[in-house]
Amino acid sequence: MADGFSAALIGWHRREGRHDLPWQRDPTPYRVWVSEVMLQQTRVGTVLPYFVRFTDRFPDVRALAAADSDEVLHLWSGLGYYARARNLHRAARMIVERHGGRFPETFDEVATLPGIGRSTAGAILALSMGQRHPILDGNVKRVLCRYHAVTGWPGSAETGRRLWELAAAHTPEREVSAYTQAIMDLGATLCTRARPDCDRCPLREGCLAFRNGSQMQFPEPRPSRALPLRRCRYALIRRPGSGELLLQRRPPAGVWGGLCCLPELPDGVEPRAWCRERFGLEVSLLEPRPGPAHTFTHFRLQMQLQPMEVRGETDIVMEQEGLLWYKEGRRQAVGIPAPVRRIIRQLELESPP
DNA sequence: AAGTCGGGGTT
DNA sequence: AACCCAGACTT
């Protein structure tokens, strides 16, 4: 598509784009990979401190591959989509085993790694090695939808196909790295969802939505549907004296997979009998109270909290797999979902151990 | 092709 | 409070 699209973008980015993000400093495949995975469904501002901590602790593939899975999840804790962290860790070990620790350099090898799809594979190879591959993340989708006035929700298969064609057609033969950085930056800084700054946009002249004054019509929103409400009860079991809180590791798959969470009381069970059978703990019950509500992509969770007081011996739970007495500030290297962290923090605030 | 997976910023 | 974001994976 010889229409000056990429040239205009590259020129704009050279003059006004961002060049000082941490992953732009030393754009090795490893660093670009980590940044791209963290940036999946997550904004730059949120990722910044996580990226610095993560690459400081794990400066290369081998360091990550050698790491303990709990520590990886710990450094990810709060970012969300924890399958990304598990996949990153798995992929690092695969790179060490299959590729001798050297990041693969062909699209198929990269796209085969867990957690790396078509767009992220293209971004890694384009940004770190200048290989010509299109990308299609949220920013690029928005820019292309407006520029070409593409109708339909970008998440649908049909619209997605159309957008991939356009993305490939616009990707230049040379300066692919600069172009890739530029189109993402444009979407993140000028061609934003709410108030696009068309006055400063290098693509203004050819943009169909701008010509029609219909910027806000694109991209079309996801079809909405009502979120089902689910309820769950969490046991608040504090250890007498130390104030430590009992946490339980969740199964590897599903919501909060592999993270440490408050023990979940199954529906209908009597808490005291459950604690005796499940943990071997004798407890007395305090007044239950509502916890926070948490909204996921596909349902809303209303949490109930059941505080308890331990009556007898507490060492018994230490012998069980997947259980730990957790204390804020002790810096135990485990991952804890954000809403659970909020509960813990609140608890220590209202009744310090 | 549709559903699952978090958390936080924006409006 | 609703919507969305540097998506990928499973079914």
Side-chain angles (χ1 to χ4, degrees), chain A residues 18 21-24 27 31-51 73 76-88 90-91 110-124 126-127 134-143 145 152-161 163-164 167 180-189 191-195 216 218-228 250-259 261 292-301 335-342:
Chain A
R18 297 177 291 190
L21 297 170
W23 44 89
Q24 294 174 330
R31 290 167 58 80
V32 173
W33 172 41
V34 172
S35 74
E36 286 300 324
V37 171
M38 285 189 171
L39 287 161
Q40 287 167 3
Q41 301 299 99
T42 313
R43 291 167 199 279
V44 168
T46 305
V47 164
L48 283 174
Y50 285 89
F51 178 84
L73 282 173
W76 206 272
S77 171
L79 257 187
Y81 282 115
Y82 298 94
R84 294 185 295 175
R86 295 193 298 272
N87 285 333
L88 200 69
R90 266 208 300 154
V110 173
T112 300
L113 295 169
I116 301 181
R118 185 175 175 186
S119 186
T120 300
I124 293 170
L127 292 171
I135 65 165
L136 190 62
D137 61 26
N139 288 319
V140 178
K141 285 176 182 172
R142 189 169 50 256
V143 170
C145 278
W153 175 51
S156 75
E158 183 188 348
T159 309
R161 271 194 299 277
L163 289 172
W164 270 113
T180 302
Q181 190 62 66
I183 192 168
M184 289 194 290
D185 237 22
L186 187 82
T189 61
C191 196
T192 55
R193 184 167 62 92
R195 35 181 102 223
M216 300 312 289
F218 305 97
E220 290 186 15
R222 162 201 287 271
S224 63
R225 58 192 179 101
L227 293 183
R250 294 181 62 88
V255 174
W256 298 332
L259 273 68
C261 193
H294 185 74
T295 305
F296 292 85
T297 315
H298 48 299
F299 64 94
R300 184 171 173 79
L301 185 67
I336 299 175
V340 175
R341 275 201 309 203
R342 273 198 293 277

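Throughout, a chain's letter reflects where its sequence line sits, starting with A, and its residues are numbered from 1.
Residue contacts shown for A/Gly187 are absent, as no nucleic acid heavy atom lies under 4.0 Å away. Backbone-only engagement by A/Gly78 is indicated by non-hydrogen atom pairs under 4.0 Å involving sugar-phosphate atoms exclusively. Using a 4.0 Å heavy-atom distance criterion, A/Thr120 is classed as a sugar-phosphate-only contact. If you check every strand for non-hydrogen atoms under 4.0 Å, A/Ala83 touches nothing.
Between A/Leu79 atom CG and B/dG6 atom P there is a gap of 12 Å when expressed in whole angstrom units. Straight-line distance from the NZ atom of A/Lys141 to the C1' atom of C/dA8: 11 Å, rounded to whole Å. Look at CZ on A/Arg86: it is 13 Å from C1' on C/dT10, rounded to the nearest Å. Separating the CG atom of A/Leu88 from the C1' atom of C/dA6 is a distance of 15 Å, rounded to the nearest angstrom. Here the C1' atom of nucleotide C/dA8 and the OH atom of A/Tyr82 are 17 Å apart, to the nearest Å. Between A/Trp256 atom CH2 and B/dT4 atom P there is a gap of 16 Å when expressed in whole angstrom units. Atoms CH2 (A/Trp23) and C1' (C/dA6) sit 9 Å apart, rounded to a whole Å. When the P atom of C/dA6 is taken as reference, atom CD of A/Gln181 falls 12 Å away, rounded to whole Å.
The 5' end of DNA chain C is approached more closely, in terms of each residue's nearest nucleotide, by A/Ser35 than by the other of A/Pro114 and A/Ser35. Toward the 5′ end of DNA chain C lies the nearest nucleotide of A/Asn139, the other residue of the pair A/Asn139 and A/Ile116 mapping further downstream. Mapping A/Arg222 and A/Ile336 onto DNA chain B by nearest heavy atom places A/Arg222 at the nucleotide closer to the 5' end. Each of A/Arg342 and A/Ala157 lies near DNA chain B, and the nucleotide nearest A/Ala157 is the one positioned closer to the 5' end.
Closest to the side chain of A/Leu39, from the set C/dC3, B/dG6, C/dA6, is C/dA6. Of all nucleotides listed (B/dG6, C/dA6, C/dC3), B/dG6 comes nearest to the side chain of A/Val255. Closest to the A/Gln41 side chain, of the nucleotides C/dG7, B/dC5, C/dC9, is C/dG7. Set against C/dA6, C/dA8, B/dC5, the side chain of A/Glu36 has C/dA6 as its closest nucleotide. In the set C/dA6, B/dA1, B/dG7, B/dG7 carries the atom at the smallest distance from any side-chain atom of A/Pro339. The nucleotide whose nearest atom lies closest to any side-chain atom of A/Phe296 is, among C/dA6, B/dG6, B/dT4, B/dG6. Of the candidates B/dT4, B/dC5, C/dA6, the closest approach to any side-chain atom of A/Arg18 belongs to C/dA6.
Counting heavy atoms from C-beta on, the side chains of A/Leu21 and A/Phe51 never come closer than 4.5 Å.
Between A/His294 and A/Trp256, the angle of the ring planes lies from 30° to 60°, which puts this pair in the tilted group.
You won't find any donor-acceptor pair under 3.5 Å spanning the side chain of A/Thr46 and the base of B/dG8, going by distance alone. Interface remark: the A/Thr42 side chain does form a donor-acceptor pair with the B/dG6 base, using a distance-only criterion of under 3.5 Å.
For B/dG6, the OP1/OP2 oxygens have no side-chain nitrogen or oxygen of A/Trp76 closer than 4.0 Å. At the phosphate of B/dT4, neither OP1 nor OP2 sits under 4.0 Å from any side-chain N or O atom of A/Tyr81. At the phosphate of C/dA6, neither OP1 nor OP2 sits under 4.0 Å from any side-chain N or O atom of A/Gln40. Residue A/Arg142 has a polar side-chain atom (N or O) positioned under 4.0 Å from OP1 or OP2 of C/dA6. For A/His294 and B/dG6, the shortest distance from a side-chain N or O to OP1 or OP2 is not below 4.0 Å.
Scanning all heavy atoms of the two residues, the minimum distance from A/Ala121 to A/Ile116 falls at N-CG2, 3.5 Å.
Neither side chain, A/Arg84 nor A/Asn87, offers a donor N or O lying under 3.5 Å from an acceptor on the other.
If you take atom P in B/dG6 and the same atom in C/dT11, they sit 15 Å apart, rounded to whole Å. Taking the P atoms as reference points, B/dC5 lies 23 Å from C/dA6, given to the whole Å.
In this structure, CD on A/Gln40 lies 4.0 Å from OG1 on A/Thr120, to the nearest 0.5 angstrom. Taken from NZ in A/Lys141 to OG in A/Ser119, the straight-line distance is 8.0 Å, to the nearest 0.5 Å. Here A/Arg222 contributes atom CZ and A/Trp153 contributes atom CH2; the two are 4.0 Å apart, rounded to the nearest 0.5 Å.
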